[in-house]
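Here the structure is laid out as structure tokens; the discussion comes afterwards.
Just so you know, these numbers use all the heavy atoms, side chains as well, and skip hydrogens, waters and symmetry mates.
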Amino acid sequence: MTLAATGVTVRRAGEKDAVGGVVPRWVALPETVEEISAVLRACAEQDLAVVPAGGGTKLHWGHPPERCDVLLDMCCMNEIIEHAAGDLVVRAQAGVTMDALAAALADKGQELALDPPFAEHTTVGGTLATATAGPRAFRYGTARDLLIGITVVLPDGTVAKSGGKVVKNVAGYDLGKLFTGSRGTLGVIAEATFRLHPLPAQRLWIVTGTKVADLTGETLRRLAASQAEPSAVDIDCLDGRYATIAVLVEGSAAGQRAEALRDVLGDGTITAGPPDWWGLILTDDVLLEVRFPPARTVETLAAAGESGFSFRGSPVTGQAYLELWGDVSEEELTAAVDRLRARIEALGGRLTVPASPYEGVDRWGQVSTLPLMRRVKERFDPGRRMSPGRFVGGI
């Protein structure tokens, strides 16, 4: 079966459709799960490599694909299928943008408590595929925690479902957890069902500046353990020397709780809105992600600054993005990443490089689970047609 025979809208690809610099031959625009299945069956028969795409905000993350015949554009999979407000559950197609979903849920006084790191165009499928987490993961958990059901299409066109309203399961696998963070290498996320939360009655932020040298692990520990129950703590630090701390408090008695948290910080301004950098990735031509023990936040901040990277992330969840402002050569970036990775690992953390213009940079470092990941890839995509080479170890 050819792509044309599937009945799915297909167009010739252009330079703007490139994935990590690799231009596909065609772009397919399915509108239903069945159409995704038809496209993947046709690609399996013709041995065509497929890269799924949502809003395109992270298509340059990861390695360029070894080959890319078909870009599977999910923009037409943009329906909120069901919102069971009484059960605090929503089911949406993967191409629904996170801001559109937020607006629809807000009309019913509810929210999906995920904070995508881009202000626009981020989709449900892309958020799951890259497993991006925002500041409020401290209170509400990550995408893996809030996902309760998923529909995926496997590389041979098989439709599989897991979790809520199960029709077919793949025995032995939790598909939701498996596909979250899989970066399009195992199949296509078509639909997702999430657990929701009521919108809080009030949100307040406490914002203060400090020298990194004056920031103590004890202060951050007291914030995390405070009975005032912050929903999130985020730090913005451009140079490893001076940082801005923002703490979010939500719900009842927010004003009193904000004052208590300000006392923990020793200073700060209470505002009704977040700082403009809150939870966002502002530039990602070069982007590093670090995971670190929260108790080693101060050392991680200093290491990032000394290596020339800005730091934006959470000292209470131990996750941050490091951005690089200005031009850098491949040799300079490779050396900076290697030095910083060694320092982060010595602190008990881990560093990866989601985005880099240079392929000589070691994006992943040592990955102890790589043999297992290879076996999973072989199980789901033995023909290596789904985003081949995009993920760790060339998966």
Side-chain angles (χ1 to χ4, degrees), residues 3-4 6-43 48-62 64-65 68-83 90-105 112 114 116-132 143 147 150-155 157 159 179-180 182-194 281 284 355 385-387 390:
L3 284 174
T6 64
V8 178
T9 300
V10 177
R11 64 171 174 81
R12 285 283 182 183
E15 293 293 332
K16 292 184 179 179
D17 302 307
V19 181
V22 179
V23 179
R25 297 159 65 185
W26 300 286
V27 177
L29 297 99
E31 299 182 23
T32 66
V33 175
E34 291 73 25
E35 288 193 350
I36 297 173
S37 175
V39 169
L40 292 194
R41 285 199 307 273
C43 289
L48 301 177
V50 181
V51 175
T57 56
K58 296 176 282 293
L59 270 184
H60 62 294
W61 286 23
C68 179
D69 299 302
V70 178
L71 184 72
L72 193 71
D73 189 337
M74 301 291 284
C75 65
C76 297
M77 295 281 292
N78 56 12
E79 293 185 7
I80 298 173
I81 302 167
E82 179 183 7
H83 178 201
V90 69
R91 182 162 66 102
Q93 292 181 322
V96 173
T97 61
M98 296 295 285
D99 51 357
L101 180 60
L105 297 176
L112 173 59
L114 292 175
F118 296 98
E120 299 176 341
H121 307 306
T122 298
T123 62
V124 166
T127 298
L128 290 173
T130 55
T132 46
L147 182 70
I150 195 169
T151 299
V152 300
V153 184
L154 304 181
V159 177
F179 271 70
T180 301
S182 64
R183 301 181 183 236
T185 59
L186 301 179
V188 179
I189 298 171
E191 298 173 0
T193 303
F194 295 99
I281 293 171
D284 65 342
R385 291 187 302 273
M386 295 303 306
S387 302
R390 295 273 283 156

Quiz item: Is any side-chain heavy atom of C43 less than 4.5 Å from a side-chain heavy atom of L3?
Solution: yes
Self-check item: Heavy-atom closest contact (P24 atom, A13 atom, distance)
Solution: O-CB, 3.1 Å
Practice problem: Compare every heavy atom of S387 with every heavy atom of G184, then report the nearest pair and how far apart it is. | Solution: O-OG, 3.0 Å
Expected list for residues 52-59: side-chain donor-acceptor pairs under 3.5 angstrom, two or more places apart:
none

Show every donor-acceptor pair shorter than 3.5 Å between a side-chain atom in residues 122-130 and any protein atom, with sequence neighbours excluded, or say none if there are none.
{"residue": "T123", "atom": "OG1", "partner": "G126", "partner atom": "N", "Å": "3.1"}
{"residue": "T127", "atom": "OG1", "partner": "T123", "partner atom": "O", "Å": "2.8"}
{"residue": "T130", "atom": "OG1", "partner": "G126", "partner atom": "O", "Å": "2.7"}

Quiz item: Between T97 and H121, is there a donor-acceptor pair closer than 3.5 Å when you use the side chain of the first and the backbone of the second?
Solution: no
Quiz prompt | Closest heavy-atom pair and its distance - M77, I36 | solution = CE-CD1, 3.8 Å
Quiz prompt | Gap between atom CG of L71 and atom CG of L29 - 0.5 Å precision | solution = 8.5 Å
Quiz item: According to the salt bridge (charged side-chain N to carboxylate O under 4.0 Å, His left out) rule, which pairs have a member within residues 9-24, sequence neighbours left out?
Solution: R11-D17
Quiz item: How far does CD1 of I150 sit from OG1 of T193, to the nearest 0.5 angstrom?
Solution: 9.0 Å
Quiz item: Looking at CG of L72 and CH2 of W26, how far apart are the two atoms once the value is rounded to the nearest 0.5 Å?
Solution: 14.0 Å
Self-check item: 4.5 Å side-chain heavy-atom contact, T6 and R41
Solution: no
Quiz prompt | The single option from V70, L48, V10 passing side-chain contact (heavy atoms from CB on, under 4.5 Å) against R25 | solution = L48
Quiz item: Does the side chain to side chain contact (heavy atoms under 4.5 Å, CB included) test come out yes or no for V159 and T151, once each step is laid out?
Solution: CA-CA 7 Å; V159 177; T151 299; 3.9 Å; yes
Exercise. For the residue pair E35 and T9, establish whether any side-chain heavy-atom pair is separated by less than 4.5 Å.
Key: no
Self-check item: Separation of I281 CD1 from W61 CH2 (nearest 0.5 Å)
Solution: 4.0 Å
Quiz item: Which atom pair, heavy atoms only, marks the closest approach of Q93 to E31?
Solution: NE2-O, 3.8 Å
Practice problem: Could you tell me whether the side chain of D284 reaches within less than 4.5 Å of the side chain of H60, counting heavy atoms only? | Solution: yes
Quiz item: So, for A18 and V23, which heavy atoms are closest and what is the spacing to 0.1 Å?
Solution: CB-CG2, 4.0 Å
Quiz item: How many angstroms lie between atom CE of M386 and atom CZ of R183, to the nearest 0.5 angstrom?
Solution: 15.0 Å
Quiz prompt | Working for side chain to side chain contact (heavy atoms under 4.5 Å, CB included), residues L101 and L112 | solution = CA-CA 8 Å; L101 180 60; L112 173 59; 3.8 Å; yes
Practice problem: List the steps and the verdict of side chain to side chain contact (heavy atoms under 4.5 Å, CB included) for V188 and M74. | Solution: CA-CA 10 Å; V188 179; M74 301 291 284; 4.0 Å; yes
Quiz prompt | Atom of A28, atom of P30 and distance for their closest heavy-atom approach | solution = O-CD, 3.3 Å
